[in-house]
Enquirer: 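Take this structure first; my questions come after.
Counting begins at 1 with the first residue of the sequence. Whatever order the structure lists them in is the order used to number ligands and atoms, beginning at 1.
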Amino acid sequence: MTRLTGITQTLAVPDELGVRLRRDVALAPYTTMKVGGPADYFATVTSVDQMIGLVRWAQAAALPYFILGGGSNMLVSDAGIRGLVIHNRCRQVRLEQPPHAAEGTQPCLFAESGAAMAGVARQSIRDGLTGLEWAVSIPGTLGGAVVGNAGAHGGEIKDSLETALILDGSGQVVAFQIADLAYAYRDSSLKQRQPLRAGFLPVVLSATFRLAHGDPAEVRARAEGYLAHRRRTQPAEPSMGSTFVNPSGDYAGRLIELAGLKGVRVGGVEVSRLHANFLINPGGVGKATAGDVIRLMEQIQTTVQARLGVALEPEVQLVGEW
Ligand SMILES: Cc1cc2nc3c(=O)[nH]c(=O)nc-3n(C[C@H](O)[C@H](O)[C@H](O)COP(=O)(O)OP(=O)(O)OC[C@H]3O[C@@H](n4cnc5c(N)ncnc54)[C@H](O)[C@@H]3O)c2cc1C
């Protein structure tokens, strides 16, 4: 049993869960931007049973929890996250046919929510399937992608998702169909409003995708084209992806470049010279703060508004205490 004494309570995770609870764990290494303060409590789960057991235990202990996937769609504050951060490494992926599948039935790909979305896409390509190849270039986990309806190159999660198994706020496992998820552009009924804090939120456990048989050479070529496009157009340094939402009919990156902001720096954070809607942290962990990122974002918003009359809205999600 792991016992940890907090300010107000002693927490003990049952031994049979096989989960190690740690205190005051720095979150920066677990995010793609490599900034952010500590989680009060932190645990990694590697199986769906562990995830269900740990979330139910936290619910029973009234300990707010936060699911961390690839940390690629968030900016964690320097003050960090109060409560329990659950690092999701449930990563099984397999091809499934529905029981008694009739000939010609479309194949289903099953994946646990901690699987890398790009890895799920690669597996589908290896299985000769088409429908997920757009995702080969997306960072983060399947869980984060299902929550945010991730998409690229004209494809998105809602195009091929069949069902998602979800652990709800009262600890019940429920199968959600696509209609239950209210999908919209990079949005769903599961997506939380900002700032994101630990709470008693639904957890995506796994998902199945309905795909089609494709021509393996064509599917592979499409996927390689998407990857090559990313390498040409996006920086390789730590970042959060697109920082601001594209204003209607325009591109945030074009406006930031036009305002003369490429290469501008605050602390350890810089506007990428390759793609101006990406803020990069070239030094990695310990060389920049979330405060640097916020100050640079404010400078960009003020300058673009003053020079071009456009109000840029953040796309990245603020997480933790601000
Ligand atoms: C370089 C770069 C390029 C990017 N390009 C794209 C792109 O082309 N298209 C695109 O859509 N996105 C893009 N993104 C953003 C990001 O990759 C996606 O939003 C991704 O799907 C987030 O997944 P994640 O696992 O990293 O989520 P996280 O950042 O870990 O979490 C995001 C939110 O989802 C919640 N969450 C995560 N997993 C679960 C779960 N299992 N159950 C419940 N809640 C959960 C978290 O609590 C949090 O609220 C890019 C990011 C980067 C850094």
Side-chain angles (χ1 to χ4, degrees), residues 27 30-36 39 45 48 51-52 54-55 64-76 81 83-91 111-121 134-158 164-169 176 181 183-207 226-227 229-231 233-243 245-246 253 272 274-275 277-281 315-320:
L27 293 171
Y30 296 95
T31 71
T32 57
M33 190 60 180
K34 308 294 176 207
V35 301
V45 293
V48 168
M51 175 70 95
I52 294 173
L54 187 64
V55 169
Y65 53 87
F66 180 88
I67 308 297
L68 174 71
S72 66
N73 197 27
M74 56 171 71
L75 176 63
V76 177
I81 300 181
L84 168 65
V85 169
I86 302 178
H87 182 213
N88 183 5
R89 298 196 26 119
C90 307
R91 301 197 289 190
E112 291 177 352
S113 58
M117 196 57 223
V120 177
W134 58 267
V136 284
S137 57
I138 299 255
T141 62
L142 175 135
V146 167
V147 168
N149 188 24
H153 311 290
E156 56 186 353
I157 287 289
K158 80 167 176 33
L165 271 193
I166 290 177
L167 184 65
D168 71 16
F176 274 49
L181 293 162
Y183 272 136
Y185 182 74
R186 305 292 168 263
D187 200 13
S188 77
S189 56
L190 298 170
K191 193 158 173 177
Q192 303 304 317
R193 301 298 137 217
Q194 301 186 57
L196 303 174
R197 292 201 175 91
F200 299 92
L201 303 169
V203 178
V204 179
L205 299 173
S206 62
Y226 297 151
L227 281 168
H229 181 262
R230 287 272 158 159
R231 279 193 293 270
T233 57
Q234 294 186 4
E237 293 91 346
S239 80
M240 305 166 290
S242 295
T243 311
V245 180
N246 287 327
S272 164
L274 187 59
H275 189 319
N277 200 20
F278 279 57
L279 304 188
I280 56 172
N281 170 16
E315 178 162 326
V316 301
Q317 296 196 293
L318 304 186
V319 178

Enquirer: Short question: side chain of Ser206, backbone of Glu112 - any donor-acceptor pair under 3.5 Å?
Expert: no
Enquirer: Would you say Asn149's side chain and Ala184's backbone share a donor-acceptor pair under 3.5 angstrom?
Expert: yes
Enquirer: With sequence neighbours excluded, what pairs up with Thr233 under the side chain to side chain contact (heavy atoms under 4.5 Å, CB included) test?
Expert: His229
Enquirer: Which protein N or O atoms sit under 3.5 Å from any N or O of ligand 1? Give atom names and distances.
Expert:
from	atom 1	to	atom 2	distance (Å)
ligand 1	5 (N)	Arg230	NH1	3.0
ligand 1	8 (O)	Arg230	NH1	3.4
ligand 1	8 (O)	Arg230	NH2	2.6
ligand 1	9 (N)	Gly151	O	2.7
ligand 1	11 (O)	Gly151	N	3.0
ligand 1	11 (O)	Gly151	O	3.4
ligand 1	11 (O)	Arg186	NE	3.3
ligand 1	17 (O)	Ser72	OG	2.9
ligand 1	17 (O)	Pro139	O	3.0
ligand 1	19 (O)	Asn73	ND2	3.4
ligand 1	21 (O)	Ala145	N	3.3
ligand 1	25 (O)	Gly70	N	2.8
ligand 1	25 (O)	Thr141	N	2.7
ligand 1	25 (O)	Thr141	OG1	2.6
ligand 1	26 (O)	Gly70	N	3.2
ligand 1	26 (O)	Gly71	N	3.2
ligand 1	26 (O)	Ser72	N	2.9
ligand 1	26 (O)	Ser72	OG	2.6
ligand 1	29 (O)	Ser72	N	3.1
ligand 1	29 (O)	Asn73	N	3.0
ligand 1	30 (O)	Gly69	N	2.8
ligand 1	30 (O)	Gly70	N	3.3
ligand 1	30 (O)	Gly71	N	2.9
ligand 1	38 (N)	Gly144	N	3.4
ligand 1	41 (N)	Val204	O	3.1
ligand 1	42 (N)	Val204	N	2.9
ligand 1	47 (O)	Ile67	O	2.7

Enquirer: Fit a plane to each ring of His153 and Tyr226, take the angle between them on a 0 to 90° scale, and name the class: parallel (under 30°), tilted (30 to 60°) or perpendicular (over 60°).
Expert: parallel
Enquirer: Could you tell me whether the side chain of Tyr183 and the main chain of Val146 form a donor-acceptor pair under 3.5 Å?
Expert: yes
Enquirer: Verify, without hydrogens or angle tests, whether Ser272 (side chain) and Ile280 (backbone) share a donor-acceptor contact under 3.5 angstrom.
Expert: no
